[in-house]
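Let me begin by presenting the structure, written as structure tokens, before commenting on it.
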Amino acid sequence: LAALMVALKHDGNARAGDTVDSVGESTLSVGSSVKIHGLQSQRGKSFNGKSGTITTELDGETGRHSVRLKGGRVLAVKPANLTLTAAQPAADVKIHCGACERALP
């Protein structure tokens, strides 16, 4: 079974459930937790409802990200077939404490 890949570029504003921003760009990033849905093929349907972690950025040629499922299987999945369940900020995104205006580790 060919690997299905799914990954989205995180803009720092993703919320659970979001996968695409207002201009159609992906809001997911490597490390984000996602749930797979809407796969239509006979083989793909068995992955609907499965959870995994994005392991690659969006592939510009295939329009898919790699998602590692529990158990280790890796799938290439389109952003439209992913639901963000827990965001992982990109490495270059700083998180700030709203109350004290200082960067958090």
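Model, not experiment: these values are computed from the prediction.
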- Message: Looking at every heavy atom in both Lys35 and Gly49, which two are closest together, and how far apart are they?
- Response: CE-O, 3.6 Å
- Message: Please report the interatomic distance CG(Leu39) to NZ(Lys45), rounded to the nearest 0.5 Å.
- Response: 10.5 Å
- Message: Main chain of His37, side chain of Asn81: is a donor-acceptor contact present, judged purely on distance under 3.5 Å?
- Response: yes
- State, yes or no, whether a side-chain contact exists between Leu69 and Phe47 at a heavy-atom distance under 4.5 Å. yes
- Message: Which heavy atom of Val74 sits nearest to which heavy atom of Ser66, and what is that distance?
- Response: CG1-CB, 3.9 Å
- Residue pair Gly63 / Pro79: nearest heavy atoms and the distance that separates them: O-CD, 3.3 Å
- Query: How long is the gap from OG on Ser29 to CG on Leu84, to the nearest 0.5 Å?
  - Reply: 8.0 Å
- Task: Work out which heavy atom in Ser46 is nearest to a heavy atom in Arg43; give both atom names and the distance.
- Result: OG-O, 2.8 Å
- What are the two closest non-hydrogen atoms of Val34 and Ile54, and how far apart are they? CG1-CD1, 3.8 Å
- Query: So, for Lys78 and Arg64, which heavy atoms are closest and what is the spacing to 0.1 Å?
  - Reply: CE-NH2, 3.3 Å
